[in-house]
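Beneath this line is the structure, given in C-alpha cells, with notes to follow.
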There are 2 protein chains.
Amino acid sequence: MDARPDPYATEALCARILERHRDRVSVRKAERATHNLARIIEAVLKLSSRQGFHETSLRDLARATGLSMGGLYTYFDGKETLLLMILTEVVESVQGALAAVPPDVAEDPRAHLRWLIAAHIRLTEAMQPWFVFAYMEAKGFPPPAKRLATESELATERVFAAVLEAGAARGVFTLGDADLAAALIKPLLQDWYVKRAKYARRGIGIERYIAGVTAFVERALLTHPVSGPDRTPV
Amino acid sequence: MDARPDPYATEALCARILERHRDRVSVRKAERATHNLARIIEAVLKLSSRQGFHETSLRDLARATGLSMGGLYTYFDGKETLLLMILTEVVESVQGALAAVPPDVAEDPRAHLRWLIAAHIRLTEAMQPWFVFAYMEAKGFPPPAKRLATESELATERVFAAVLEAGAARGVFTLGDADLAAALIKPLLQDWYVKRAKYARRGIGIERYIAGVTAFVERALLTHPVSGPDRTPV
DNA sequence: ATAGAAAGCGAGCGCTCGCTCGTTTTTATG
DNA sequence: CATAAAAACGAGCGAGCGCTCGCTTTCTAT
C-alpha cells in the first residue's frame with residue numbers, strides 16, 4: 001500500500017534491532033519478535049525518560065508491557081543488552097542520516113552545512129525519545145557502551161569539521177579552528193532534544209529552531225554575511 | 001595569612017552548605033562538620049561522576065570516606081538530602097556569580113555579554129565536578145529538586161536575555177528573539193563542563209574556549225562586526 | 001583524673017533488585 | 001483434532017540497597 005513506510009517508526013527501528021541482535025532474542029518468529037520488541041522499547045523509553053533507566057526495574061517494565069518477568073527475557077538476555085540495542089540503533093541512524101546528503105548539495109559547503117544542521121535536527125525530532133535516552137543514559141554505562149557513544153559523537157563532529165574546512169579552503173567560511181567551530185555547533189543541535197520542554201514552553205517549533213540555529217551559525221562563520229541591521233537575525 | 005581564601009574551595013562551599021542545612025546535620029562542632037562534609041561531598045562527586053549518584057551506594061561512600069554507615073548519617077539525614085545540598089550550592093553559586101558584574105561593565109551591553117560568558121565559564125571551571133553532578137543527575141531528581149534545577153537554568157537565560165535586549169534596544173545587537181538567542185548561548189557555556197574530556201583531548205584550554213565562544217556569539221549577534229576575512233575567527 | 005556529651009561504629013532489618021527455571025498456555029502443523 | 005514446538009508465566013533465589021539503633025570510643029571541661 002504505502003510504498004515508503006516511515007523508516008523511523010518504532011517497528012521499523014525494532015526490525016533493524018532484531019536483525020542486529022538476533023542471537024540475544026530467543027523468540028523465533030521475526031514478526032512477533034519485532035512487534036513485542038517495539039512494545040518493550042517504547043515502554044522502556046517512556047519509563048526511562050521519567051525516572052532514568054537504572055531506576056526503571058524489569059518489574060516496572062513487565063507491568064507497562066503486560067508481559068511477565070520471564071516473558072521479557074525471551075526478547076533480551078539482560079538489562080544491559082536492552083540498553084545496547086537502543087544505543088546502537090541511535091548511533092547507526094545518525095551515521096546513516098548524515099551520510100545521505102544529495103551529491104549536488106555536498107558540492108557547496110554553505111548548502112552542505114545548512115543541510116547537515118537541518119538533517120540532524122529533523123532526525124533527532126523523529127527519534128526524540130531514542131536520542132534523549134542515548135544522551136542521558138550513556139554516561140553511567142559499561143565502558144564498551146560509553147565508548148560507542150563517545151565515538152559516535154566525535155564522528156558527527158568530524159563530518160561538520162570536514163565541511164567547515166572545505167568551506168574555509170574556498171573562502172566561504174572564516175575560522176580559526178574547524179574542530180572548535182564544529183564542537184560549538186554540536187551542542188546547538190543537541191539542545192533541541194535535550195531541552196525540548198524549554199522550547200515547547202516558549203512556543204519555538206522545529207522550523208523556527210532550524211532557522212535560528214542556521215542563522216546563528218552562518219552569521220558566526222560566513223566570511224561575507226550580509227552586513228548591517230538587515231541581516232537575517234537569530 | 002592569605003587575606004582572601006578561595007570562595008570555591010570545597011571547604012568554603014561546605015561551610016555554606018552547613019549553614020543552609022544546619023538542621024539536617026547532627027554534628028554540633030561547625031569546624032568538624034564542615035571538614036567531614038567536605039570529605040563526604042568530595043567523595044560523592046567523584047564516585048557519582050564515574051557511576052552516577054543512584055548507583056553510588058552509601059556503603060561505597062562509607063568506604064571512600066573512611067566513615068561508617070552510622071557515621072555518615074550524622075552529616076545528613078538521607079541520601080536525597082546529600083543531593084539537595086550539592087544542588088542548592090550550585091544554584092546559589094551561579095546566581096551569586098552572575099550578579100557580581102562590575103557597575104561600569106553593566107553599562108555597556110557588549111562588555112556585559114562578554115563578561116557574562118567569561119564569568120559563567122570560569123565559575124563552572126572552578127566548580128566543575130559540582131556542575132557535572134547537578135547537570136547529569138538532574139533528570140533523576142525528585143520533583144522539588146528537578147524544579148529547582150529547571151528554574152535556575154531559566155534564571156540564567158533570563159540574565160543573558162536581558163543583556164541582549166538592552167543591547168538590541170541600543171542597536172548593538174541584531175536579533176529576532178532574545179529568548180531564543182539566549183537559549184542558544186546556554187548550551188555553548190554548558191559544553192565546557194559537560195564535554196570537558198573532548199576539549200582536553202583537543203588541547204583546548206579555558207582561555208581558548210572563552211575566546212572561541214565569545215567570538216562565535218559576537219559574530220552571530222553584533223550588528224556591526226568587523227567585516228571580511230580579517231574578523232576575529234572562531 | 002573523671003564524668004558527661006559528642007561522635008562514630010557496624011550488624012541487622014525490611015525491602016527491591018536482576019535474573020532463573022519448572023510449569024502452563026498458545027500456536028502452528030500433519 | 002492431536003501433538004509437539006514455541007512462547008509466556010511468576011514464585012523464588014541470592015545479593016545489595018537505604019536506613020536504624022544499641023553500643024563503644026573520643027573529646028572536653030572541670
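A, B, ... follow the sequence lines: proteins, then strands. Residue 1 opens every chain.
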### Summary
Separation of dC17(C) atom C1' from Glu80(A) atom CD, nearest Å, is 16 Å

### Query
According to a strict under-4.0 Å criterion, is Asn36(A) in side-chain N/O contact with OP1 or OP2 of dA8(D)?
yes

### Summary
From CZ of Arg28(A) across to C1' of dA8(D) the rounded distance in Å is 16 Å

#### Entry: Protein-nucleotide distance (Glu31(B), atom CD; dC27(D), atom P), rounded to Å
13 Å

### Query
So, Arg20(A) and Glu89(A), do they make that salt bridge, N to O below 4.0 Å?
yes

### Query
Looking at Arg32(B), does any N or O in its side chain come under 4.0 Å of the phosphate oxygens OP1/OP2 on dG8(C)?
yes

### Message
Angle between ring planes, Phe53(B) versus Phe133(B), binned at 30° and 60°: parallel, tilted or perpendicular?
### Response
perpendicular

## Note on the structure
Residues of residues 47-75 of chain B with a heavy atom under 4.0 Å from any atom of DNA chain C, listed by number, are Arg59(B), Gly66(B), Leu67(B), Ser68(B), Met69(B), Gly70(B), Gly71(B), Thr74(B), Tyr75(B)

### Query
Taking 4.0 angstrom as the limit, do Arg158(A) and Glu165(A) come out as a salt bridge?
no

### Query
Ion pair present between Lys186(B) and Asp191(A), side-chain N to carboxylate O less than 4.0 angstrom?
no

### Query
NA contact type, Asp77(A), heavy-atom cut-off 4.0 Å: base, sugar-phosphate, or nothing?
nothing

### Message
Would you say Lys29(B) places a side-chain N or O within less than 4.0 Å of OP1 or OP2 belonging to dC27(D)?
### Response
no

### Task
Using atom types as modelled and distance alone, determine if a side-chain donor or acceptor of Lys79(B) lies under 3.5 Å from a backbone N or O of Leu58(B).
no

### Query
Considering only side-chain heavy atoms of Lys79(B), which listed nucleotide, dA8(D), dA6(C), dG18(D), is closest?
dG18(D)

### Message
Could you check whether Glu92(A) pairs with Arg16(A) (Lys NZ or Arg NE/NH1/NH2 to Asp/Glu carboxylate O, under 4.0 Å)?
### Response
no

